[in-house]
Trainee: 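Structure in structure tokens, see below.
All of these numbers come straight from a predicted model, not from anything done at the bench.
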Amino acid sequence: MLRYLTAGESHGKALVVILEGIPAGVPVKEEEINRQLARRQRGYGRGARMKIEQDRVEVLSGIRAGKTLGSPIAMKIDNKDWAHWSKIMDVAQDDEGQTKVVHHPRPGHADLAGGMKYDHHDLRNILERASARETAARVAAGGVARIFLEEFDIKVVGHVINIGGAVTGVQRPSSKEIVKKSEESPVRCIDPEAEKKMIARIDEAKKNGDSLGGVFEIIVEGVPVGLGSHVQWDRRLDGRLAQAVMSIQAIKGVEIGNGFTSANLFGSEVHDEIFYKKGQGYYRKTNNAGGLEGGISNGMPLVLRAAMKPLSTLIRPLQSVHIITKEIHLATVERTDVTAVPAAAVIGENVVALTLAEIFLEKFGGDSLKEVRRNYEGYLEQTEKF
Ligand code: EPS
């Protein structure tokens, strides 16, 4: 069983994550995890915080001499900004000046619902954990998961296809094209025309003290037939991927394959016809299903998209209420990003990797990489004969 838990507040000392269930013998380099962390920090439209942080992972357990031990992998990412917040976020002392107390909940944020639920009258006690800073810890865990998946030639890539209505014109790009072009784009978009429009939209939002959301796409190649199952609701691959991606802060919609578009079409226009060639096996000419049928991976690349709402901290704030006096008040303004869709694409890749690794291990599980590989190869041999 692969599982993980994160802890940490946005302006606390550090973020931590414990990842358990990665088999022994997987070669893991800290540098590779750090590369994922750095990718998550980039993106046009990010705010001042990203100039302060340079996320680096410190592996505390579970890896020795460059290989996983099979024991829990504990990792820590320090918050550099802690230096400015140590008094405010102190474990024992009350912040005497109360300089950063939050009483005006931001529409769209967890502030009000969280405050009411946990009976916190300083809404900072909610927003510190609700912050998307937490995703750095998930990406660290995802960094290990994708190294594990790559042992089986499963590769996860992502790119931005829409920011604030500026949409890419490139349809169904290959993974190679995505990797090559998105890393160089400040908005992680592979279409230079759309990139220009996205940047203009971000500039416009910034000028107006506003924020923007968008859509990113994740593609996974090398997924074998048979991950997930039709037999029970909580074993369906689509449902489990959607939960992982939907749980990323600010995500409001997830679709697989043609998703919402297929609702407008006839079945004959949607379903991917099945062909067979000796030596090659079964194949499809289209992939409208996004690599999934009946909650089971079908051997085609997995295609998933997610919609991110505009960030809820607005420099020109919306109306809210003072939670103590109940008087009308503008929402709290915290330092923020204008948009974080490029970062969300990286987070999406990494949570998808975690979910796929989890389901892969459910099917081919073993305590060492060698054992998992043996199980996997035996299964491939069986399906090739089908
Ligand atoms: C965030 C607000 C900003 C973002 C932060 C998420 O942080 P701050 O309030 O410190 O300026 O930069 O994202 C990160 C710190 C990160 O690592 O992604 C929020 O309110 O969610």
Side-chain angles (χ1 to χ4, degrees), residues 6 10 15 17 35-47 49-50 53 55 77 108-110 127 129-143 145-146 156-168 173 178-179 181-191 194-195 198-199 201-202 205-206 210-220 241-256 259 302-314 336-356:
T6 73
S10 178
L15 298 164
V17 58
R35 197 176 72 81
Q36 294 302 332
L37 292 175
R39 292 178 71 230
R40 193 201 68 93
Q41 287 200 271
R42 288 201 290 269
Y44 193 81
R46 288 285 242 164
R49 177 75 186 272
M50 286 305 101
E53 304 296 342
D55 294 338
I77 302 159
H109 216 283
L127 73 87
R129 179 64 184 161
S131 164
R133 174 85 188 130
E134 182 266 342
T135 59
R138 287 199 244 184
V139 167
R146 60 200 295 162
V156 187
V157 302
H159 65 132
V160 172
I161 60 175
N162 174 351
I163 292 184
V167 181
T168 175
I178 292 173
V179 171
K181 294 186 181 162
S182 67
E183 294 299 321
E184 280 150 30
S185 165
V187 284
R188 221 163 254 295
C189 172
I190 63 169
D191 174 356
E195 177 187 287
M198 288 175 184
I199 289 173
R201 289 288 280 161
I202 296 167
K206 186 169 187 181
D210 220 320
S211 64
L212 282 176
V215 180
F216 63 81
E217 181 174 74
I218 305 295
I219 298 175
V220 193
L241 286 170
Q243 201 227 333
V245 175
M246 194 70 116
S247 75
I248 300 170
Q249 288 81 341
I251 299 302
K252 283 292 199 183
V254 178
E255 69 173 4
I256 288 173
L302 214 72
V303 182
L304 180 150
R305 276 174 229 101
M308 184 181 199
K309 69 181 178 181
L311 300 175
S312 43
T313 303
L314 303 184
T336 184
D337 307 316
V338 179
T339 192
V341 185
V346 176
I347 301 158
E349 287 173 25
N350 282 282
V351 300
V352 162
L354 278 162
T355 302
L356 283 178

Trainee: Is atom CD of Gln243 surrounded by more than 12 heavy atoms (other residues, nucleotides or ligands) closer than 6.0 Å?
Mentor: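 Counting other residues, nucleotides and ligands, CD of Gln243 stays at 12 neighbours or fewer.
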
Trainee: Work out which heavy atom in Ala345 is nearest to a heavy atom in Val160; give both atom names and the distance.
Mentor: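 Ala345 and Val160 have their closest heavy atoms at CB-CG2, 4.2 Å.
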
Trainee: Using modelled atom types and a 3.5 Å cut-off, is there a donor and acceptor pairing between side-chain atoms of Asp337 and backbone atoms of Gly47?
Mentor: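 Confirmed, Asp337 side chain pairs with Gly47 backbone.
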
Trainee: Restricting to salt bridge (Lys or Arg N to Asp or Glu O under 4.0 Å), what partner residues turn up for Arg305, sequence neighbours left out?
Mentor: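 Arg305 satisfies salt bridge (Lys or Arg N to Asp or Glu O under 4.0 Å) with Glu217, Glu255 once adjacent residues are dropped.
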
Trainee: Could I get the full list of side-chain contact (heavy atoms from CB on, under 4.5 Å) partners for Val338, not counting sequence neighbours?
Mentor: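 For Val338, the residues satisfying side-chain contact (heavy atoms from CB on, under 4.5 Å) (neighbours in sequence not counted) are Ile202, Ala205, Lys206.
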
Trainee: Are the side chains of Asp55 and Leu15 in touch, meaning some heavy atoms are under 4.5 Å apart?
Mentor: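 Result no, sub-4.5 Å side-chain heavy-atom pair not found.
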
Trainee: Using only atom types and a distance under 3.5 Å, with no angle test, would you say the side chain of Gln36 pairs donor to acceptor with the backbone of Val139?
Mentor: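 Side chain of Gln36 to backbone of Val139: no pair is present.
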
Trainee: My understanding is that only one of Lys309, Glu134, Arg133 makes a side-chain hydrogen bond (donor to acceptor under 3.5 Å, both in side chains) with Gln249; could you say which?
Mentor: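 Going through Lys309, Glu134, Arg133 one by one, the side-chain hydrogen bond (donor to acceptor under 3.5 Å, both in side chains) with Gln249 is satisfied by Glu134 alone.
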
Trainee: Taking Arg146 for its side chain and Val156 for its backbone only, find out whether a donor-acceptor pair lies under 3.5 Å.
Mentor: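 Side chain of Arg146 to backbone of Val156: a pair is present.
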
Trainee: Quick check: do Leu314 and Asp210 have side-chain heavy atoms less than 4.5 Å from each other?
Mentor: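 Yes, at least one pair of side-chain atoms sits under 4.5 Å.
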
Trainee: Would the distance check show the side chain of Gln41 and the main-chain N or O of Glu53 forming a donor-acceptor pair, the cut-off being under 3.5 Å?
Mentor: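 Side chain of Gln41 to backbone of Glu53, a donor-acceptor pair under 3.5 Å: yes, one is there.
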
Trainee: Run the side chain to side chain donor-acceptor pair (under 3.5 Å) test against Ser182 and tell me which residues pass, sequence neighbours left out.
Mentor: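 Partners of Ser182 under the side chain to side chain donor-acceptor pair (under 3.5 Å) test: none.
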
Trainee: Give a yes or no on whether the backbone of Gly45 and the side-chain of Thr339 come within a donor-acceptor separation of less than 3.5 Å.
Mentor: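 No, Thr339 side chain to Gly45 backbone: no donor-acceptor pair under 3.5 Å.
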
Trainee: Would you mind reporting whether Arg49 and Ser10 have side-chain heavy atoms less than 4.5 Å apart?
Mentor: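 With C-beta onward as the side chain, the pair touches.
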
